[in-house]
Structures are given as structure tokens and as C-alpha cells.
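Structure first, then comments.
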Amino acid sequence: MKHDAPHDDVTGGELSVGRPETWAVGVPGIVHSLEHAYREMGVRRSLTALLAVNQKDGFDCMSCAWPDPPDRKHAEFCENGAKAVAWEADLRRIPSSFWSEHSLGDLAGRSEHWLGQQGRLVEPLYREAGSDHYRPIGWDQAFAVIAAELNRLESPDEATFYTSGRTSNEAAFVYQLFVRTFGTNNLPDCSNMCHESTSVAMADAIGVGKATVTYRDFALADLIVIMGQNPGTNHPRMLTALEEAKRSGTRIVAVNPLPEAGLLRFKNPQRPRGIVGSGTALADQFLQIRLGGDLALLQALTARVLAAEDAAPGTVLDRAFLDERCEGLEALRAARSTLDEEAVLAATGLRREEIDELADRYLRADRTIICWAMGLTQHRQAVATIREAINLLLLRGNIGRPGAGACPVRGHSNVQGDRTMGIWESPEPAFLDALEAEFGIPMPRHDGYDVVESVRRMRDGDVKVFFGLGGNFVAAVSDTTVAEAALARTRLSVQVSTKLNRSHVIAGEQALVLPALGRTELDVQASGPQFVSVEDTVSMVHPSAGRLPPASPLLLSEVAIVARLAIATLGDASPVDWRSFERDYDVIREHIARTVPGHERYNERIRQDGGFLLHQGPRDDRRFPTPSGRAVLACTTFEPLVCPPGRLLLQTVRSHDQFNTTVYGMDDRYRGIRNGRRVVFVNPEDLEALGLADGDVVDIHSEWRDGVDRVVRAFRVVAYPTARGCAAAYFPEANGLVPLDSVAEASHTPTSKAVVVRLELNTP
Ligand SMILES: Nc1nc2c(c(=O)[nH]1)N[C@H]1C(S)=C(S)[C@@H](COP(=O)(O)OP(=O)(O)OC[C@H]3O[C@@H](n4cnc5c(=O)[nH]c(N)nc54)[C@H](O)[C@@H]3O)O[C@H]1N2
Ligand SMILES: Nc1nc2c(c(=O)[nH]1)N[C@H]1C(S)=C(S)[C@@H](COP(=O)(O)OP(=O)(O)OC[C@H]3O[C@@H](n4cnc5c(=O)[nH]c(N)nc54)[C@H](O)[C@@H]3O)O[C@H]1N2
Ligand SMILES: [Mo]
């Protein structure tokens with residue numbers, strides 16, 4: 001059999017495919033989470049760690065950005081949160097001898113799961129130019145290596161500084177300050193691959209790129225539409241909020257090419273009946289949409305709303321709100337009067353009656369929330385799709401009212417806070433002004449590189465230093481072969497991390513891996529124990545403090561790493577007192593309070609009753625900070641995805657046993673997969689039409705306008721009830737199929753949910 005990549009080599013067992021589950025969570029969820037926890041952390045440590053998750057005096061769970069309910073339970077974590085905690089609080093340590101035993105070549109041949117299973121990183125590591133090994137090195141030497149490389153660059157723009165969304169507000173603020181003081185806005189982050197389309201679309205539409213709801217709104221809604229999201233696996237605690245809403249009469253509609261377990265039924269492990277009963281049926285309607293069909297669906301809904309208003313003027317639209325607070329209605333009306341219904345049906349794969357039913361539900365609901373995640377954001381027309389969702393909400397005044405609003409559900413636990421703190425390649429001039437006033441340092445004014453642009457620049461040799469504050473850059477980004485070659489071409493790559501991953505073993509000419517404290521660990525500095533803070537997907541800012549003893553006395557916090565790097569690079573001439581940041585994180589929060597809007601009296605408010613809610617114009621006062629001061633209805637145009645005969649549209653998704661590129665285990669329980677990840681899910685009728693069968697082993701080739709043959713090999717075909725013409729495989733194994741230049745319009749997010757592919761039998 002032909003292979004292309006390091007393989008699942010954990011179990012030695014055979015991949016097996018069973019029936020997908022129709023419901024999520026319940027007893028198996030609890031048992032699975034404790035199994036993972038006990039195996040990796042031991043029993044006592046597991047309890048210390050897990051009982052602190054999402055508690056007011058504990059740490060923020062790193063597994064997603066879903067908010068904590070106002071009245072917290074003792075166990076406020078989910079199965080996948082427990083896996084994330086166990087993975088970090090691992091008792092295993094990578095011994096120094098490991099680095100002489102394993103060359104980089106050897107490590108590059110290992111799977112992501114194997115790398116993560118070696119235990120925690122406990123000392124700084126250095127790969128000298130020309131060597132095929134990392135070796136332990138002191139912190140001061142490590143910072144000296146980075147400073148020397150940064151300071152010999154011809155321009156600060158020859159370095160790029162990535163952030164993964166687990167970084168705290170405090171570390172993020174210090175990091176962006178260092179990067180900008182150094183002289184560049186090259187601050188790509190995981191958001192560029194994630195909800196960037198949301199941020200762009202919402203900022204243009206309502207002036208704020210964030211959710212316009214809070215936790216309490218869920219129970220007040222009449223209708224919740226969940227588009228392109230798999231909460232059963234990726235935001236399991238959201239199911240509790242949905243179940244509560246359901247009990248108070250809310251209708252729930254799921255729009256998804258896959259019949260995801262958690263969307264259909266839910267067994268609440270916090271409720272006795274949830275453990276034994278058949279659970280709560282969640283979705284009242286399931287629209288099995290074709291990949292990329294959402295813009296057409298949303299336009300069809302907008303058209304129906306406008307037609308209903310024409311039929312009964314004054315009864316459907318929120319006229320007062322539209323007149324006083326919005327603009328663009330007449331243009332939208334004109335655009336939607338000519339909608340091509342046949343094109344909508346072809347693009348969505350839905351029946352007309354299904355769309356009518358959803359339109360009818362929307363018209364009957366006084367208060368509607370639309371939720372979405374990667375199924376909307378990772379498409380070429382993602383920004384337009386989200387604009388149309390906002391159009392639909394605005395037409396009936398569903399923004400800035402209780403029980404109604406837009407709810408992008410963010411992924412990484414602090415990806416939203418990082419952006420608030422200035423991790424952004426195209427910062428607002430007002431924010432740069434505030435930094436200049438606060439620190440007396442000129443800030444770079446030209447835009448920096450986002451993720452995709454950073455890869456291009458490394459590939460072309462323009463960017464010579466890569467610095468990653470967390471994350472797994474080469475595994476997360478598209479076009480794996482190109483991305484790996486690009487990183488390997490740098491003069492220096494630096495990765496700050498808790499555990500070993502792919503981006504450490506695909507190293508630059510020189511490379512450093514710097515071990516950091518994780519969320520679960522005590523962070524004690526000169527002024528005493530520290531806490532950090534994070535912002536969740538509904539703009540609640542709250543503290544997070546670890547409890548476990550650090551994995552090694554050599555670990556530094558991310559704040560300390562960045563502060564020391566700044567001192568090493570900028571020298572003593574820098575007007576910023578970087579040392580004071582490491583000594584006492586209150587000092588950082590004082591600066592944040594003066595430079596980041598909404599964080600006034602930060603140190604005081606973060607200590608009150610679990611944190612505070614950031615004020616927001618659209619949500620709180622129906623004020624829209626757009627250039628015109630009004631919310632903007634957009635005239636979107638839909639361009640159908642073309643999929644030639646004999647081809648499928650492939651999306652890349654997460655399994656139940658992973659966190660992004662981190663692979664906890666080889667099962668995807670809800671989809672019936674055990675012991676393997678190299679699978680491709682295809683509708684049985686498509687399989688028949690293609691002359692393939694369940695169990696066949698295929699190579700997946702992607703087809704794009706540049707004519708390059710991108711291929712991943714040896715995937716087992718699984719007959720699965722996905723929408724016709726669509727297929728799914730796991731991220732990151734299938735990332736090599738997504739062309740680097742295939743990105744969303746305006747947000748540049750890789751189109752990870754729509755790749756045209758051809759399946760060919762794998763021949764030995
Ligand atoms: N346990 C766990 N939790 C996580 C993560 C994790 O990896 N593991 N990752 C975190 C991160 S960073 C993020 S961003 C979130 C991701 O959360 P999700 O967005 O739920 O993650 P995906 O697995 O990418 O799932 C995308 C969903 O959208 C559907 N979909 C795909 N394309 C389309 C489309 O064209 N239209 C519609 N309507 N639906 C579509 C897919 O079938 C799937 O159900 O989860 C966060 N939480
Ligand atoms: N094809 C495809 N590609 C995708 C996606 C997709 O759906 N399909 N999703 C995209 C999305 S939504 C996202 S958010 C990105 C994710 O991109 P990233 O954020 O870069 O990837 P992660 O896998 O979340 O990063 C995990 C790594 O973070 C490090 N880490 C964990 N905890 C800590 C910590 O406390 N401190 C530090 N310093 N490091 C830590 C560990 O080394 C771990 O290996 O991937 C994107 N890529
Ligand atoms: Mo994400």
C-alpha cells in the first residue's frame with residue numbers, strides 16, 4: 001500500500017467502522033473522560049485538576065470558548081475538556097536523553113499522536129544549524145540566539161510572530177507590544193484560519209466582530225438556528241444551554257451536511273434522567289445541506305421574509321429599527337426580488353418545502369439566535385454567507401434584543417481575547433495611537449502578514465524568522481507540503497509549547513523549542529502567585545489560575561518568555577519596563593486598562609465575582625460603530641461551487657478524539673470510527689455512482705485551477721449519510737489537499753470545507 005505521511009501507529013489494532021451514534025454525551029462521555037484523565041494524570045491529580053475547571057477560583061478550560069453558565073455546577077467540564085486537561089497535566093516528562101536518541105529525521109516520521117504522547121517538554125531545546133538533533137540549552141542562551149537573528153534582519157518585516165488562541169490576555173498584550181516595538185505588524189494567528197470570516201463580515205455589517213448575545217439569551221430565544229457547527233464534539237457544554245432552552249420551549253434547527261450526533265439528541269450527564277433516559281431530542285428540523293450551500297439558503301430565507309412583508313405590509317419587518325438604525329434595505333429588496341430558486345435548490349441540495357418550513361419558523365419566532373462555526377467560515381464565500389445571516393437577523397430586528405442575536409461560536413478558549421488585546425495583522429489606528437501614547441514608542445502603521453501570507457513569504461525567502469506562541473502552525477495551515485517546506489526554509493524557527501508537535505520537528509535552519517507553563521499549572525512570580533485572564537465567545541472576561549505544580553522548575557510562563565525575549569532583543573534602551581510585567585501581571589493589566597477599550601479598572605473588575613462582561617454597542621444599546629453609525633444590510637451575490645462529474649466536494653472536520661492538531665486517541669465514537677483516522681466519509685449513492693464501495697482504500701486527489709496534483713494516500717472509504725456529492729475527512733490529515741491560495745474572499749481563511757476531490761483506488 002502506498003503511504004504519504006507518518007501513520008497512526010498507536011494501537012496496532014485494525015481500524016473498525018460501526019454504526020454512528022444518534023445522541024451525544026451521557027454515561028459513556030463521563031467514563032471516557034475519566035479514563036483519559038486517570039491514565040495520563042493519576043487519580044488524585046485528576047480530581048484536583050478537573051474540579052478546578054471553569055470554577056471562579058480555578059482555571060479556564062482550554063478546550064473551547066463556550067461561556068460558563070451564570071450558576072456553575074461543581075463539575076463544569078465536558079468529556080473533551082477532560083481530555084484536554086489530561087493531555088496537558090500528563091505525568092510523563094521528555095528526558096534529556098530523548099533528544100540524542102531521536103534525530104529530527106526520526107521524529108518527522110512519527111505521527112502527531114506519538115509526538116504528543118512523549119510527555120511534557122521540560123527544558124529549552126536548540127537545534128544548531130547543520131545538526132539533525134535538538135539538544136538542551138539554557139534560557140539565556142536561547143534568548144540570545146533569537147535576539148541575534150532578529151537583530152540581523154534587514155527589516156523587522158522579515159520575521160513573523162504567530163499566536164494560537166490559548167494564549168492569555170496578559171501574554172497576548174505583552175507579545176503584540178514587543179512585536180510592534182520591534183517594528184512589525186506581522187501577527188498572524190489561528191483566527192486567520194478560523195473565525196476571521198466572521199470578524200470581517202460582522203465588523204462591516206454591525207461594527208463589531210463578536211457575538212451579540214450572552215449566555216442568558218439562549219433560554220429566552222424562540223428559535224435557535226445552528227449552522228455549520230458540531231457542538232456535540234467541539235462545544236459539548238453548549239448542549240446543556242440548548243437543552244435548557246429546549247425545556248423552555250425554544251425550537252432548534254440544525255443546518256449541516258452531516259447528521260451530527262449532538263445536534264439530534266442529547267443526554268445531559270448532569271441530570272439523572274440524562275444518564276438513563278433516551279435524552280432530549282434537540283433539533284426540531286434538520287436541513288442536510290450541500291457543502292457551501294448556506295449563502296443560497298440564507299438568500300432564499302431573506303427573499304421569503306421580504307415577500308412575506310410585501311404580502312402583509314407592516315407585519316413582518318421591524319420597520320422602526322430598520323428605518324432608524326440600518327441602511328441598505330431598498331437595495332437588498334431589489335436584489336432579492338430576482339432570486340433564482342432553481343439555483344438555490346441545486347446549490348443547497350434541499351427541497352423547496354424544507355426551506356419554506358425554516359422560513360416559516362423564522363417568521364413565527366419573535367426572537368431568533370443564529371449560531372455558526374467552521375461550516376460557514378471556511379468557504380470561499382464565507383464572508384458573504386455571514387453577511388446574509390446578519391441581513392436575515394436585522395430584517396426582523398433580531399440584534400440588540402433579549403433572546404435574539406448573532407452567535408459565532410469561537411474555537412480556541414481565548415482566541416477572542418487575543419484579538420481584543422491586539423493580536424492582529426491589521427490593527428485599528430486608534431489602538432496604535434493608544435499604544436504610542438501609553439509607551440511613547442512609534443508603532444508600525446502598515447499591515448502585517450496573516451497566516452497564509454506568512455507561509456507565502458517564508459516559502460519565497462522573504463520571511464526568515466518564525467516565532468510561534470503556542471499552536472502547531474504547519475499542521476494547522478493548508479497545503480501541508482508547501483507549509484512544511486516554507487517553515488524549513490527559515491533561518492530560525494521558534495516554538496513556545498507544552499508538548500512536542502509536528503511544527504517542532506519540521507524545523508528552520510536553526511530552531512528552538514521553549515517549554516511553557518500550561519493553564520493547569522501554578523504560576524508563581526516575584527510578587528507571588530499570578531492569575532491570567534481570558535475572554536469567551538460571548539465577551540465575558542474572567543480570571544484563570546492553575547493549581548497543579550509545574551511539570552518542571554525550568555518552565556517559564558508565556559508572559560516571562562515574551563518579556564525576557566523583549567529585553568534580549570531590544571536591550572536596556574527600551575522605554576518599556578519589561579521586567580515589571582514578569583514580576584506582577586497586575587502591571588500588564590494596568591496598561592491594558594489604559595489602552596484597550598472596555599477594560600477600564602481591569603484589575604478591580606477582573607477580581608469581582610468571576611469577571612465582567614465587555615460592553616458592546618450592537619448588543620447593549622443597538623448602536624452600531626460602523627462608518628455611517630448604522631447597521632449595513634449587504635447585497636451579497638452567490639456563485640455556486642462547481643464540482644465536475646465524477647468529483648466530490650470534500651470538507652475537513654474534527655473527530656471526537658482530537659483538539660485541532662492534537663490527537664488524543666484514534667476513535668471518533670459518535671461517527672462509529674475506532675482505531676483509525678485515515679477515513680473518508682462518502683454518501684452510499686455517490687459511492688455506487690463512482691464504482692467504489694465501503695471498505696475500499698483510496699488516494700484522494702484535489703483538483704484546483706493551478707493544476708497541481710495534491711494527494712493524500714491510503715484512506716479507507718466509509719459509506720456515511722452525508723449530503724449527496726459531499727465527502728468528509730479529518731483535519732489535519734487532509735490539509736495537504738487544500739491549496740494555499742484557495743482562501744475565502746476578504747478574510748483569506750483557507751477553504752478547508754470545500755475542496756474538489758477525486759478518489760482513486762490505492763494500488764500497491
Ligand atoms: N473537542 C474539541 N473541541 C474543539 C476543537 C477540537 O478540535 N476538539 N476545536 C476548537 C476550535 S479551534 C474550533 S474553531 C471549534 C470548531 O468547531 P466546529 O466548527 O464544530 O468544527 P468542525 O469539526 O470543523 O465542524 C464543522 C461542522 O460544520 C459542518 N459543515 C461543514 N461544511 C458546512 C457547510 O458548508 N454548511 C453547513 N451548514 N455546515 C457545514 C460539518 O459537517 C461539521 O458539523 O471547536 C473548538 N472546540
Ligand atoms: N483543514 C483544516 N485545517 C484547519 C481547520 C479545519 O477545520 N480544517 N481548523 C483551523 C482552526 S479553526 C484553527 S483554530 C487552527 C488551529 O491552529 P493552532 O492553534 O496552531 O493549532 P492547535 O492544534 O490548536 O495547537 C496545538 C498546540 O498548541 C500547543 N499548546 C497547547 N497548550 C499550550 C499552552 O498552554 N501554551 C503553549 N505555548 N502552547 C500550547 C501544543 O504544542 C499543541 O501541539 O487550525 C485550522 N486548520
Ligand atoms: Mo478554531
Side-chain angles (χ1 to χ4, degrees), residues 62-66 78-81 83-84 87-88 112 115-116 121 162-168 171 189-195 226-236 254-260 263 287 289-294 297 372-379 385 409-413 415 451 468-478 495-504 513-521 558 561 649 651-662 664 722-723 726 728-735 737-738 749-750 752-755:
M62 52 290 233
S63 189
C64 75
W66 186 251
C78 70
E79 174 190 356
N80 279 337
K83 288 181 200 161
W87 187 81
E88 176 178 304
E112 197 69 66
L115 294 173
L121 293 160
Y162 177 67
T163 313
S164 167
R166 197 173 291 190
T167 297
S168 66
D189 75 330
C190 67
S191 194
N192 298 147
M193 301 179 259
C194 182
H195 265 293
I226 302 168
M227 306 185 75
Q229 193 198 347
N230 178 19
T233 283
N234 298 314
H235 305 92
V255 182
N256 202 308
L258 295 173
E260 306 283 27
L263 289 170
L287 290 97
I289 197 165
R290 194 167 172 265
L291 287 169
D294 302 82
L297 170 66
W372 70 88
M374 296 305 100
L376 292 204
T377 65
Q378 297 176 334
H379 283 285
T385 305
V409 185
R410 307 252 167 201
H412 262 301
S413 51
V415 62
V451 160
L469 190 60
N472 187 356
F473 189 80
V474 292
V477 73
S478 46
Q495 312 281 352
V496 178
S497 188
T498 48
K499 280 191 159 184
L500 190 57
N501 71 35
R502 183 84 186 157
S503 298
H504 308 154
V513 175
L514 307 178
L517 285 176
R519 282 266 173 92
T520 56
E521 290 167 314
E558 289 189 347
I561 291 172
L649 276 179
Q651 64 156 324
T652 54
V653 285
R654 292 153 171 80
S655 83
H656 198 64
D657 264 2
Q658 75 183 84
F659 184 87
N660 297 341
T661 67
T662 298
Y664 302 130
T722 179
C726 301
Y730 296 128
F731 144 57
E733 284 80 353
N735 284 34
L737 297 171
V738 188
T749 299
S752 307
K753 296 291 189 270
V755 190

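We count ligands from 1, going down the list as the structure has it; atoms in each ligand are counted the same way.
- The closest approach between any non-hydrogen atom of N472 and ligand 2 is below 4.0 Å.
- Taking only nitrogen or oxygen atoms, main chain and side chain alike, L500 does not reach within less than 3.5 Å of ligand 2.
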Is there a side-chain hydrogen bond (donor to acceptor under 3.5 Å, both in side chains) between N472 and Q495 once you walk through the steps? CA-CA 9 Å; N472 187 356; Q495 312 281 352; over 6 Å; no
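- Two residues are said to be in side-chain contact when any heavy atoms from C-beta on lie closer than 4.5 Å; P236 and E79 fail this criterion.
- The 4.0 Å heavy-atom shell around ligand 1 contains residues S63, C64, N80, C194, G228, Q229, N230, T233, N234, H235, V255, N256, P257, L258, E260, I289, L291, G292, D294, A373, M374, G375, H379, G411, H412, Q651, V653, R654, Q658, F659, N660, K753, ordered by chain and number.
- Polar contact check, N501 against ligand 2: a nitrogen or oxygen pair lies under 3.5 Å apart.
- Under the 3.5 Å distance criterion, with hydrogens and angles disregarded, no donor-acceptor pair is assigned to the side chains of T377 and H195.
- Side chains of T749 and Q378: a donor-acceptor N/O pair is absent below 3.5 angstrom, by distance only.
- Annotation: G471 places an N or O atom under 3.5 Å from an N or O atom of ligand 2; distance criterion only.
- Taking the six-membered ring wherever Trp is involved, the centroid distance between the rings of Y664 and H656 does not fall below 6.0 Å.
- No side-chain heavy atom of F659 sits under 4.5 Å from any side-chain heavy atom of K83.
- Near V496, meaning under 4.0 Å from one of its heavy atoms, ligand 2 places the atoms 37 (C), 38 (N), 39 (N).
- Proximity to E558 (heavy-atom distance under 4.0 Å) selects the following atoms of ligand 2: 36 (N), 37 (C), 38 (N).
- Residue-ligand proximity, N735 to ligand 2, at heavy-atom distances under 4.0 Å covers atoms 1 (N), 2 (C), 3 (N).
- Remark: ligand 2 atoms within the under-4.0 Å shell around heavy atoms of G470 are 37 (C), 38 (N), 39 (N).
- Cation-pi geometry between R502 and F473 is not satisfied (NZ or CZ under 6.0 Å from the ring centre, within 45° of the ring normal).
- Between N660 and R654, the side chains place a donor N or O and an acceptor N or O closer than 3.5 Å (distance only, hydrogens not considered).
- Residues satisfying the side-chain contact (heavy atoms from CB on, under 4.5 Å) test with S497, not counting sequence neighbours, are L121, N501, H504.
- The contact set between ligand 2 and Y162, taken as ligand atoms under 4.0 Å from a residue heavy atom, comprises 17 (O), 18 (P), 19 (O), 20 (O).
- Rounded to the nearest 0.5 Å, atoms CZ (F731) and OG (S478) are 11.0 Å apart.
- Counting atoms of ligand 2 from 1 in the listed order, those under 4.0 Å from a heavy atom of K499 are 42 (O).
- Side-chain contact between T385 and H379 is absent, with no heavy-atom pair separated by less than 4.5 Å.
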